[in-house]
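Here the structure is laid out as structure tokens; the discussion comes afterwards.
Labels below follow one simple rule: chain letters A, B, ... track the order of the sequence lines, proteins then strands, and each chain is numbered from 1. Values reported hereafter were calculated over all heavy atoms of this structure, with side chains retained and with hydrogens, waters and symmetry mates removed.
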Amino acid sequence: MEVKPKSACESCAHFNEAGLKKLGVNTTAYDHVIALAGNPNTGKSTVFNALTGLRQHTGNWPGKTVTRAEGGFEYNKEKYKLVDLPGTYSLLSTSEDEEVARNFILFGRPTVTVIVVDASRLERNLNLVLQILEITDRAVLCLNLMDEAKRNKIEIDTRSLARDLGIPVVPTSARFNEGIPELIQTISEVASGAIVCRPHRIKNIPKNIENAVEELSEEIKKEYPDIPNSRWIAFRLLEGDQHIIELLKSGEFEEYIS
Amino acid sequence: MKQKNIDNIIALSNDLRWQIGDEFHDNLAEGIYADAAEIVKGAVHKENGNKRLRLDAKIDKIVTSKVWGFPLMFLILAFVLWLTIIGANYPSAMLAELLLNTVHPALKSFASSVGMPWWLDGFLIDGVYLAVAWVIAVMLPPMAIFFPLFTLLEDFGYLPRIAFNLDHLFKLSGAHGKQALTMSMGFGCNAAGVVATRIIDSPRERLIAIITNNFSLCNGRWPTQILIATIFIGAVVPSSMSGIASLGAVIGVAVLGICFMFLTSWALSKTVLKGEVSTFNLELPPYRPPRFWKTIYTSIIDRTLIVLWRAIVFAAPAGAVIWLISNIHIGDLSIAAWMIDSFDGFAFLFGLNGVILVAYIVAIPANEIVIPTILMLTVLVTGISGGEGAGVMFELESASATGDILRAGGWTLLTAVNLMLFSLLHNPCSTTIYTIYKETKSTKWTVIASILPVIMGFVVTFLVAQIWRLFL
């Protein structure tokens with residue numbers, strides 16, 4: 001008797017529509033926390049609404065989401081709580097919205113961070129992406145506004161992008177609900193560990209700084225062997241981030257990361 | 001032991017920071033940009049130039065130009081207001097017909113058929129029900145038009161351009177450029193405008209934006225402005241010009257409100273709210289064709305109904321109070337009549353009258369019921385025929401009939417002008433006051449935000465009245 005090898009499509013993960021339930025604001029007893037980060041005006045709130053079935057007001061002006069919005073969905077019997085963070089260009093400065101986003105990704109311990117970017121302005125958006133990838137090693141890039149990118153005749157090789165960034169890349173047009181099933185599937189795979197990310201780490205830094213970061217990062221790892229982002233903490237300490245220094249001194253840092 | 005290690009880490013970071021010098025931040029940022037450029041080079045392919053970006057740039061060149069930026073803004077504002085005012089007339093009339101002329105009599109006859117005592121029926125149906133019905137009839141249609149229009153402009157991407165145009169003026173007045181956005185929102189509803197100030201990071205500038213939001217003429221006040229302008233301002237010019245004159249007067253009041261907003265922002269930032277103007281990056285987002293129906297749907301659900309609900313919650317008790325003060329008698333006169341009598345002399349100083357002041361006191365919950373209350377109280381004190389009885393708010397079919405009642409109540413052109421000014425410059429409605437308290441969590445700032453505009457209103461109407469009487 002001959003056993004035929006299964007076709008790749010049978011074993012490959014694909015979106016299971018029956019398994020999806022949009023939970024709106026009902027976020028009790030969740031299995032995973034998903035953070036939604038990204039530059040202002042990349043359609044983060046639209047992605048949030050598409051995932052949760054909520055109709056949080058969206059508007060075409062930067063900085064619309066000021067407080068954290070939360071919602072949820074259920075997929076394949078796992079419950080996901082989604083946190084929509086304020087849009088920021090960077091995580092390196094001290095403004096309130098950046099602080100909210102930075103602290104949540106750093107200490108809120110989301111299972112997966114979904115980074116929403118504007119496909120037609122990828123280079124500018126990568127600034128934030130590369131910073132987030134220093135903090136977390138479970139991320140998905142949501143390449144949003146693909147409809148606009150297509151209209152602008154911009155082609156993006158998502159495979160090579162995913163390879164360079166070391167995280168899965170999902171092209172979407174959230175306004176038209178395109179790519180959202182794939183995004184949900186990808187989020188679930190990263191959350192379950194089926195996809196393991198090898199996030200890009202910032203490379204083009206002068207040697208002396210790289211050495212300093214390395215040295216400091218080693219010390220931090222000695223003290224806190226479990227943290228995945230010792231390099232980022234080193235960045236912040238070298239920057240003189242008073243918030244982090246205070247947390248370290250008061251011992252709260254340990255509580256946050258455990 | 002642990003503490004020592006942590007101290008070591010911090011000490012090491014201090015040492016290293018000295019070693020690598022103060023270039024660290026810039027070097028890191030440059031490193032990130034270099035990485036980003038490399039990645040994009042490998043993954044993104046652009047086909048020659050960006051036609052769309054060029055179109056965006058062309059639109060921006062016009063809407064943010066020094067010459068066209070401001071006129072275009074006023075034109076768009078005028079257009080939105082015109083659509084709101086004209087468009088709201090019909091549904092407002094229909095709702096009024098339904099709620100006031102059909103449901104109200106039906107409720108009354110039901111009440112008498114079950115033998116409800118007159119005071120209970122008056123309190124509930126003439127008081128509470130009528131106030132709620134007024135608020136719905138007058139407030140719902142303009143909001144259901146204004147908010148979606150505003151949201152469409154927002155989704156299209158026009159609002160950040162307004163902020164861009166006004167940024168310089170806001171900076172001069174010591175306020176945050178994003179206040180332009182919250183100010184525009186206030187033209188719909190001040191409570192919504194106050195909530196929108198969350199986009200301003202600096203607490204100092206946010207307070208300025210909250211306190212001055214009331215100078216944006218809101219939906220509840222537009223109808224008052226329009227009605228009074230039509231009756232009194234439109235009447236002083238030839239009838240062919242009266243439409244334009246009254247619309248001009250209303251827009252004039254709105255622009256005056258913007259001037260007061262800048263002036264107050266400036267005064268606050270020079271005195272109690274001193275501080276640096278914070279800089280911020282405002283990205284002019286690409287223009288996006290809004291998704292029409294979805295936008296209409298969400299703006300009605302998210303904004304209109306929520307604001308309407310809050311207004312109803314506050315209007316219902318106000319209706320009860322209005323009915324009570326005009327039906328409870330002390331001696332021969334109702335409380336309302338007593339109040340009006342005692343306010344009359346004081347009100348004369350400001351070119352107003354006792355009825356107006358009483359109406360503004362009892363109508364704190366919702367600006368929409370000011371005109372109906374004024375009419376009801378005028379009929380009550382003058383004893384002229386008309387109206388529906390003590391404590392029953394009403395509005396007349398035609399503006400001219402309303403004008404007749406008001407003139408019989410002693411109104412002049414000065415009363416009208418000062419009422420328009422006072423409608424712009426008085427305390428925010430209770431919904432807004434409550435929202436201010438929720439947002440600032442401070443009694444002090446809530447009180448200041450509530451009292452400051454009334455004081456300004458009294459000063460302005462006083463000056464206008466004195467100068468008017470001196471020269472005219």
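Per-residue counts of heavy-atom pairs under 4.5 Å with chain B were compared for A:D164, A:L126, A:L238, A:L237; the largest is that of A:L238. When each of A:N208, A:L216, A:D118 is checked for heavy-atom pairs under 4.5 Å with chain B, A:L216 comes out on top. Between chain B and the options A:I202, A:I156, A:L161, A:T158, the largest number of non-hydrogen pairs under 4.5 Å is found for A:I202. Contact count against chain B (heavy-atom pairs under 4.5 Å) is highest for A:L248 among A:V213, A:L248, A:I205, A:V129. Most heavy-atom pairs under 4.5 Å with chain B: of the set A:K203, A:E155, A:E219, this distinction falls to A:E155. Across A:N127, A:L145, A:L122, the residue that shares the most heavy-atom pairs under 4.5 angstrom with chain B is A:N127.
Ionic pairing of A:E214 and A:K207 is not present here: no N-O contact between side-chain nitrogen and carboxylate oxygen is shorter than 4.0 angstrom. Salt bridge B:E439/B:R206: present, at least one basic N to carboxylate O contact under 4.0 Å.
Residue A:E223 comes nearest to A:P225 through the heavy atom pair O-CD, 3.4 Å, listed as atom of the first residue, atom of the second, then distance.
Distance alone, capped at 3.5 Å, is enough to place a donor-acceptor pair between the B:N190 side chain and the B:N213 backbone.
Proximity to chain B is limited to the side chain of A:L130, based on heavy atoms less than 4.5 angstrom apart. In this structure, chain A has heavy atoms under 4.5 Å from both the backbone and the side chain of B:I9. Neither the backbone nor the side chain of A:N125 comes within contact range of chain B; no heavy atoms are under 4.5 Å apart. Using a 4.5 Å cut-off between heavy atoms, A:K222 makes no contact with chain B at all. For A:L165, the part lying under 4.5 angstrom from a heavy atom of chain B is the side chain only. Interface remark: A:R159 contributes no atoms to any contact with chain B (heavy atom separation under 4.5 Å).
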Practice problem: Show your working on side chain to side chain donor-acceptor pair (under 3.5 Å) between A:N144 and A:T172 and close with a plain yes or no. | Solution: CA-CA 5 Å; A:N144 196 26; A:T172 61; 3.0 Å; yes
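Interatomic distance, A:L133 CG to A:W232 CH2, rounded to the nearest 0.5 Å: 11.0 Å. Taking CG of A:L141 as the reference point, atom CD1 of A:I167 lies at 5.0 Å (rounded to 0.5 Å).
A 4.5 Å side-chain heavy-atom check between A:S90 and A:Q131 finds at least one atom pair inside the cut-off.
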